[in-house]
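Here the structure comes first, spelled out in structure tokens, and everything after it is commentary.
The sequence lines fix the lettering, A, B, ..., with proteins before strands; numbering per chain opens at 1.
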Protein chains: 2
Amino acid sequence: MKFGTDIATLCRENGLRLTRPRRIIMKVLSETTGHPDVVELHRQVNAIDPGISIATVYRTVSLLQDKGLLERHTFNDGRARYEAADHGHHDHLINVETGDVIEFHSDEIERLQEEIARKHGYSIVSHRLEIYVKPLPRKRSGRTGQT
Amino acid sequence: MKFGTDIATLCRENGLRLTRPRRIIMKVLSETTGHPDVVELHRQVNAIDPGISIATVYRTVSLLQDKGLLERHTFNDGRARYEAADHGHHDHLINVETGDVIEFHSDEIERLQEEIARKHGYSIVSHRLEIYVKPLPRKRSGRTGQT
DNA sequence: TTATCTGCAAAAATTTTGCACTTGG
DNA sequence: CCAAGTGCAAAATTTTTGCAGATAA
């Protein structure tokens, strides 16, 4: 479960009605490990209840983002992608060959960021670090020429 | 001038015809200090030649990006923003109150990124670091309460 | 009951594309 | 000349919104 509390409590705490669409959308969000875009989210939600419209999905993710329960990412593909926002801050390694997203965290980088912001006369509101990577070529002891 | 060479040479080297729309679009790109989106770019281009269509601007920025002459950014506002791509790698500090973008560079952070990627079995293709900031409150010696 | 929420469909915003005409080399 | 490039308008994509009906509290 990625949200801090259960869905009913989350809604109550945020003054939101616990509706069927919301329950399903939040359930899908809380169970996914990825960073789905709205179309993907809608597809998964519709697999549970085909009656839920994509407009509701858009409205729900905006709402959850406003309440600070969801993070919105825009990787370089343009579409907005979402992720439940409780499990501590992290950054992303993105495998450009497969599109896989790996989460990581570096206190040392965070510290350097603070330092840079301060030097420029700012304090950090948030940040985002994405490292686009490809697999390292596998090292072998013997000699084989091929790539 | 942000492109490494003059526009005519750039086109020749990349097998592109030096057309009037391209000359103007590249001129605007080379002279701007910001990170304009396509609509903004089109507005500036049209101030010079109102006949240039936004379709041409879209086609030109894609083309320049494919040739590696332009970088495409997507900050958290969704739209694609562009920047001429010669003046060395840098990251962005973004003032959330004004939208201003400040460029910076940290060898130390870059080194840590390499290290992280390597530990995960990857090599870096590219990366992107954006720090969203707000101005530090100004310290004063005397006492004045107001914000 | 009633303010909130939803579905639908239309609209808005952004980006791509087909096609006939223009133009750089 | 003619392949490459352009303008235009239509289409595709993504996101937002007005409104009438549904529903949680």
Side-chain angles (χ1 to χ4, degrees), chain A residues 6-28 35-46 48-67 69-82, chain B residues 6-29 35-67 69-82:
Chain A
D6 68 291
I7 291 168
T9 307
L10 273 184
C11 283
R12 208 171 328 110
E13 285 176 346
N14 287 281
L16 304 177
R17 287 190 180 168
L18 178 51
T19 62
R20 178 174 168 78
R22 273 183 197 157
R23 195 156 11 86
I24 295 175
I25 293 166
M26 292 174 82
K27 184 175 190 329
V28 168
H35 301 70
D37 61 31
V38 172
V39 172
E40 172 59 20
L41 210 46
H42 183 231
R43 181 169 24 242
Q44 290 181 227
V45 161
N46 266 208
I48 300 173
D49 179 345
I52 296 172
S53 86
I54 199 166
T56 297
V57 178
Y58 271 108
R59 282 189 275 232
T60 303
V61 292
S62 293
L63 197 59
L64 296 179
Q65 193 198 2
D66 290 349
K67 302 291 183 182
L69 302 174
L70 262 196
E71 272 173 30
R72 174 190 170 122
H73 300 285
T74 39
F75 301 142
N76 269 331
D77 58 7
R79 260 156 301 139
R81 314 181 92 88
Y82 292 87
Chain B
D6 67 292
I7 290 167
T9 307
L10 273 184
C11 283
R12 208 172 327 109
E13 285 175 347
N14 288 280
L16 304 177
R17 287 189 182 171
L18 179 51
T19 63
R20 177 172 170 79
R22 271 180 198 160
R23 194 154 14 85
I24 294 174
I25 293 166
M26 293 174 81
K27 183 174 192 322
V28 168
L29 280 167
H35 302 70
D37 62 31
V38 172
V39 171
E40 172 60 21
L41 210 46
H42 183 229
R43 181 170 25 243
Q44 290 181 228
V45 162
N46 266 210
I48 301 174
D49 179 345
I52 297 171
S53 85
I54 199 167
T56 297
V57 178
Y58 272 108
R59 283 190 275 234
T60 303
V61 293
S62 293
L63 197 59
L64 296 179
Q65 193 197 0
D66 290 347
K67 301 292 184 183
L69 302 174
L70 262 197
E71 272 172 30
R72 174 188 170 123
H73 299 285
T74 39
F75 300 141
N76 269 333
D77 58 7
R79 261 157 299 139
R81 313 180 92 87
Y82 292 88

Decide side-chain contact (heavy atoms from CB on, under 4.5 Å) for B:Val45 and B:Thr56; before the verdict, give the C-alpha distance in whole Å, the side-chain angles of both, and the deciding distance to 0.1 Å.
CA-CA 11 Å; B:Val45 162; B:Thr56 297; over 6 Å; no
Specify the separation, in whole Å, of atom [atom1] of [X] and atom [atom2] of [N].
X: A:Ile24; N: D:dT23; atom1: CD1; atom2: C1'; result: 15 Å
X: A:Asn14; N: C:dC5; atom1: CG; atom2: P; result: 11 Å
X: B:Arg12; N: D:dG5; atom1: CZ; atom2: P; result: 15 Å
X: A:Asp49; N: C:dG7; atom1: CG; atom2: C1'; result: 12 Å
X: A:His42; N: C:dC8; atom1: NE2; atom2: P; result: 9 Å
X: A:Arg22; N: D:dT23; atom1: CZ; atom2: P; result: 14 Å
X: A:Leu63; N: D:dT16; atom1: CG; atom2: C1'; result: 15 Å
X: B:Arg23; N: D:dG5; atom1: CZ; atom2: C1'; result: 14 Å

Nucleotide nearest [X] when distance is taken to its side chain, options [options]:
X: B:Val38; options: C:dG7, D:dT15, C:dT15; value: C:dT15
X: B:Ala55; options: D:dT14, D:dT6, C:dT17; value: C:dT17
X: A:Ser62; options: D:dA9, D:dT16, D:dT6; value: D:dT16

Test side chain to side chain contact (heavy atoms under 4.5 Å, CB included), reference B:Leu41, set B:Ile54, B:Thr60, B:Val57, output is B:Val57
Closer than 3.5 angstrom, by distance alone: can the side chain of A:Arg81 be matched with the main-chain N or O of A:Phe75 as a donor-acceptor pair?
no
So, B:Asp37 side chain and B:Val39 main chain: donor-acceptor pair closer than 3.5 Å or not?
yes
Assign [X] to base, sugar-phosphate, or nothing according to its heavy-atom contacts below 4.0 angstrom with the strands shown.
X: A:Arg59; answer: base
X: A:Arg17; answer: base
X: B:Leu16; answer: sugar-phosphate

Below 4.0 angstrom from OP1 or OP2 of D:dG5, is there any side-chain N or O of B:Thr56?
no
Respond yes when some side-chain nitrogen or oxygen of B:Tyr58 is under 4.0 Å from OP1 or OP2 of C:dT16, and no when none is.
no
Which distance, rounded to the nearest 0.5 Å, do you find between the CG of A:Leu64 and the CG of A:Leu16?
7.0 Å
Where each residue is assigned the nucleotide of DNA chain C containing its nearest heavy atom, which of B:Leu18 and B:Arg79 is assigned the position nearer the 5′ end?
B:Arg79
